[in-house]
*Asks:* 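Structure below; questions to follow.
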Amino acid sequence: MPLVHMGDMLRHAHRHRYAVGAFDLVELSFLEAIVAGAEACAAPVILSLAESHFEHYDFELAMAATVAAARRARVPVAIHLDHGASLESAVRGIALGCNGVMVDASHEPFEENVRRTRAVVEMAHACGVPVEGELGYVAGVEGEDAEKHPGEVVYTAPEEAAEFVRQTGVDFLAVSIGTVHGRLRGEPRLDLERLAAIDEALGLPLVIHGGTGLGDAQFRAIIERGVTKINYYTALADAAAASIRARAAEDPRAGYTGLMRDVRRAIRDEVERCIRLWGSAGRAAAVLAEARPWREIEHVILWNTDAGEERAAAAMAEGREKLARIPGVRHVRTGTAVDADARYRYCWLIGFSSVAARDHYRDHPVHVAYADGTFRPMAGDRVRVDYALD
Ligand code: 13P
């Protein structure tokens, strides 16, 4: 069970002063290369999916593959929604299998950032999912030239950061100390004193966005000062693109698979370089020993009714539609027994992201109204058991 609590993973990194790579993926080659790179280094890793990239792929389909990859990985993995734009994005990310979410309202004034972040924290914590907020503004766009999107970098102020954490309850904080998203000319100038002061004031895992372009010594310096999650994308995308260009030059008649032949290797090499540099190589066993496995819950109800097939089908359709929207619900499935003599004719299989999510669901007004108004009156004969899935 290599999917683990992201909070436990990052607290381990924070205590031992190393950083876990949060690599953004935009398609299957990235996913395979990131997991393979982490496995080759025996390192914990965060599979990160940025909302700003959703125009390039289908988030739901990518999440199905990401969850499958995490489950079969030999290293501890967390799945993170990167740069979530809204409460709805965070709910959707959790429903699809993210066990960490970022809410990025860093472009908003302090009060509005607090308000939006706190709303996500309340929802996500009720589902047992930790939250990353951002204070200060990291300019630029992942995968593009930084100077094309100059923006105004707003540095994070240590006192304000402490107040932000206090008011929002975030588990991790992304800070702005001079990095930018995207491709840079030369190394950025980092305000390391500021970072040290933030680390001192907060004592919780800090996150750096815009990892591409930092020099080796800069990485070491930020990790010494409390950075435990490094977001990284552009350099992986550039390695992939360089590999495709090289293949096209080598074989101008190459088809799609021919052009893509070396992409996974190129991404993986860069992932491994980062993992070794950031100190997470060789930490997988220690993290697995300490971090709680992320265990999803299956809520199983077997039931009968005297109301007839048609009303049972209508009730199940209503439940599938309403209950799936409750935060922390991963799926709502219903079924009818294959054999006519089955002890119970109908079933519900409702997946939750965690026990906390199951508890939250029980008292949620949408569930209470549906259960008391529609389901329970017609399903007197029923059994219910909740299973923590292995
Ligand atoms: P880079 O693309 O600059 O590495 O930044 C990635 C990032 O911060 C994603 O959130």
*Asks:* Using 4.0 Å as the upper bound for N to carboxylate O, is an ion pair formed by D386 and R384?
*Replies:*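 Looking at D386 together with R384, the answer is yes, because their closest N to O distance falls below 4.0 Å.
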
*Asks:* Identify whether the distance between the nearest side-chain nitrogen and carboxylate oxygen of R276 and E272 falls below 4.0 Å.
*Replies:*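 Looking at E272 together with R276, the answer is yes, because their closest N to O distance falls below 4.0 Å.
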
*Asks:* Do other residues, nucleotides or ligands put more than 12 heavy atoms under 6.0 Å from the CZ atom of R265?
*Replies:*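 Count over threshold, so yes.
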
*Asks:* Are R71 and E296 close enough for a salt bridge, meaning some N to O gap below 4.0 Å?
*Replies:*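 Yes, R71 and E296 are salt-bridged.
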
*Asks:* Give, for atom CG of L47 and atom CD1 of I34, the distance between the pair rounded to the nearest 0.5 Å.
*Replies:*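 Between atom CG of L47 and atom CD1 of I34 there are 6.0 Å.
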
*Asks:* Report, as yes or no, whether the 6.0 Å neighbourhood of atom CG on D306 holds more than 12 heavy atoms from other residues, nucleotides or ligands.
*Replies:*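 Not more than 12 within 6.0 Å, no.
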
*Asks:* Can you list the steps and then say if R115 with E111 is a salt bridge (charged side-chain N to carboxylate O under 4.0 Å, His left out)?
*Replies:* CA-CA 6 Å; R115 196 185 66 74; E111 294 305 330; over 6 Å; no

*Asks:* Could you tell me the separation between the CD1 atom of I230 and the CD1 atom of I275, rounded to the nearest 0.5 Å?
*Replies:*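 CD1 of I275 is found 11.0 Å from CD1 of I230.
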
*Asks:* Tell me if the CD atom of E187 is crowded by more than 12 foreign heavy atoms within 6.0 Å.
*Replies:*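 Atom CD in E187 is crowded, with more than 12 foreign heavy atoms closer than 6.0 Å.
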
*Asks:* Quick test of your reading of the model: are E200 and R225 salt-bridged, counting only N-O distances below 4.0 Å?
*Replies:*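 Result for this pair is no, no salt bridge flagged.
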
*Asks:* Measuring from S280:OG to Y18:OH, what's the distance to the nearest 0.5 Å?
*Replies:*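 Those atoms lie 7.0 Å apart.
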
*Asks:* Would you mind checking if R273 and D269 are paired as a salt bridge, meaning a charged N to carboxylate O distance below 4.0 Å?
*Replies:*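 Result for this pair is no, no salt bridge flagged.
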
*Asks:* Between the side chains of N231 and D24, is a donor N or O closer than 3.5 angstrom to an acceptor N or O?
*Replies:*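 No pair is found: no donor N or O on one side chain lies under 3.5 Å from an acceptor on the other.
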
*Asks:* Do the side chains of V91 and F54 join up, straight or via other hydrophobic residues, at under 4.5 Å, putting them in one cluster?
*Replies:*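 Linked, V91 and F54 end up in one cluster.
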
*Asks:* With the threshold set at 4.0 Å, does a side-chain nitrogen-carboxylate oxygen contact exist between E88 and R92?
*Replies:*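 No salt bridge links E88 with R92.
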
*Asks:* Apply side chain to side chain contact (heavy atoms under 4.5 Å, CB included) to the pair F23 and I46, showing each step before the final yes or no.
*Replies:* CA-CA 6 Å; F23 300 102; I46 296 170; over 6 Å; no

*Asks:* Any side-chain heavy-atom pair from Y387 and V385 closer than 4.5 angstrom?
*Replies:*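 Yes, close enough: below the 4.5 Å cut-off.
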
*Asks:* Aromatic contact between W303 and Y344, with the criterion being ring centroids under 6.0 Å apart: yes or no?
*Replies:*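 Distance test on ring centres: not under 6.0 Å, no.
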
*Asks:* Using modelled atom types only, decide if a donor and an acceptor are shared between the side chain of T228 and the backbone of A19 within a distance under 3.5 Å.
*Replies:*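 No: the side chain of T228 does not pair with the backbone of A19.
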
*Asks:* Can you tell me if D262 and S243 form a side-chain donor-acceptor pair at under 3.5 Å?
*Replies:*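 There is no such pair (donor and acceptor under 3.5 Å, judged by atom type) between the side chains of D262 and S243.
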
*Asks:* Is a side-chain N or O of N99 found less than 3.5 angstrom from the main chain of V4, in a donor-acceptor match?
*Replies:*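 Confirmed, N99 side chain pairs with V4 backbone.
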
*Asks:* Any idea how W348 and Y370 line up, ring-wise: parallel (<30°), tilted (30 to 60°), or perpendicular (>60°)?
*Replies:*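 Answer is perpendicular, since the angle exceeds 60°.
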
*Asks:* When you check the gap from the basic side-chain N to the acidic O, do E224 and R17 get nearer than 4.0 Å?
*Replies:*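 No, E224 and R17 are not salt-bridged.
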
*Asks:* Just to verify, which of H53, H209, H181 counts as forming a ring-ring contact (aromatic ring centres under 6.0 Å, His included) with Y233?
*Replies:*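 Looking at H53, H209, H181, the match for Y233 under the ring-ring contact (aromatic ring centres under 6.0 Å, His included) is H53.
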
*Asks:* So, do V77 and V35 sit near enough that their side-chain heavy atoms are less than 4.5 Å apart?
*Replies:*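 Of all side-chain heavy-atom pairs linking V35 with V77, none is under 4.5 Å.
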
*Asks:* Take atom CZ of R283 as the centre, draw a 6.0 Å sphere, and report whether it contains more than 12 heavy atoms from other residues, nucleotides or ligands.
*Replies:*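 Enclosed: over 12 neighbouring heavy atoms sit under 6.0 Å from CZ of R283.
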
*Asks:* Compute whether any side-chain donor of one residue and acceptor of the other, for H80 and E132, lie under 3.5 angstrom apart.
*Replies:*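 Present: a donor and an acceptor within the cut-off.
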
*Asks:* With the side chain counted from C-beta on, respond yes when H5 and W294 share a heavy-atom pair under 4.5 Å apart, and no when they do not.
*Replies:*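 With C-beta onward as the side chain, the pair touches.
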
*Asks:* Should the pair H12 and H16 be assigned to parallel (<30°), tilted (30 to 60°) or perpendicular (>60°) ring geometry?
*Replies:*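 Tilted: the ring planes of H12 and H16 meet at 30° to 60°.
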
*Asks:* Flag the pair R245 and D238 as a salt bridge only when some basic side-chain nitrogen lies within less than 4.0 angstrom of an acidic carboxylate oxygen.
*Replies:*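 No, R245 and D238 are not salt-bridged.
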
*Asks:* Salt bridge (charged side-chain N to carboxylate O under 4.0 Å, His left out) for E39 and R268? Distances and angles first, verdict last.
*Replies:* CA-CA 10 Å; E39 287 182 338; R268 178 176 159 176; over 6 Å; no

*Asks:* Taking the side chain as every heavy atom from C-beta outward, state whether L349 and E298 have any pair of such atoms under 4.5 Å apart.
*Replies:*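 Yes, close enough: below the 4.5 Å cut-off.
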
*Asks:* Just verifying a value: how many Å separate S354 OG and H360 NE2, rounded to the nearest 0.5 Å?
*Replies:*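 Spacing of OG (S354) from NE2 (H360) equals 10.0 Å.
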
*Asks:* Is there a side-chain contact between V175 and V207 in this structure, where contact means two heavy atoms from C-beta onward sitting under 4.5 Å apart?
*Replies:*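 Sidechains of V207 and V175: no contact.
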
*Asks:* Should E309 and R345 count as an ion pair when the cut-off is N to O under 4.0 Å?
*Replies:*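 Judged by the 4.0 Å cut-off on N to carboxylate O distance, E309 and R345 do form a salt bridge.
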
*Asks:* Would you find more than 12 non-hydrogen atoms of other residues, nucleotides or ligands less than 6.0 Å from E60 atom CD?
*Replies:*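 No, because the 6.0 Å sphere around CD of E60 holds 12 heavy atoms or fewer from other groups.
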
*Asks:* Taking side chain as C-beta onward, heavy atoms only, is C274 less than 4.5 Å from F219?
*Replies:*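 The answer is no, as the side chains (C-beta and beyond) never meet within the 4.5 Å cut-off.
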
*Asks:* Can you check side chain to side chain contact (heavy atoms under 4.5 Å, CB included) on V300 and C347, steps first, answer last?
*Replies:* CA-CA 7 Å; V300 180; C347 78; 5.7 Å; no

*Asks:* Around R311, counting heavy atoms of other residues, nucleotides and ligands shown, do more than 12 lie under 6.0 Å from its CZ?
*Replies:*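 Result for CZ/R311: open.
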
*Asks:* Taking the ring of F352 and the ring of H299, is the distance between their centroids below 6.0 Å?
*Replies:*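 Aromatic pair counts; centres sit under 6.0 Å.
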
*Asks:* Got D251 and R247 here, is their nearest side-chain heavy-atom distance under 4.5 Å?
*Replies:*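 Heavy-atom side-chain distance check passes, below 4.5 Å.
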
*Asks:* Hey, could you give me the CG/CE distance between L173 and M102, rounded to the nearest 0.5 Å?
*Replies:*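 L173 atom CG to M102 atom CE measures 9.0 Å (nearest 0.5 Å).
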
*Asks:* To the nearest 0.5 Å, what is the distance between OH (Y256) and CD1 (I244)?
*Replies:*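 Interatomic distance, Y256 OH to I244 CD1, rounded to 0.5 Å: 7.5 Å.
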
*Asks:* So do the side chains of V101 and V120 get within less than 4.5 Å of each other, counting heavy atoms only?
*Replies:*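 Yes - at least one pair of side-chain heavy atoms lies under 4.5 Å apart.
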
*Asks:* Could you tabulate the donor-acceptor pairs under 3.5 Å formed by side-chain atoms of residues 332-340, not counting sequence neighbours?
*Replies:*
from : atom 1 : to   : atom 2 : distance (Å)
T334 : OG1    : R320 : NH1    : 2.7

*Asks:* Are L323 and L96 linked, directly or through other ILVMFWY residues, by side chains that come within less than 4.5 angstrom of each other?
*Replies:*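 No, because L323 and L96 fall into different hydrophobic clusters, even though each may have its own neighbours under 4.5 Å.
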
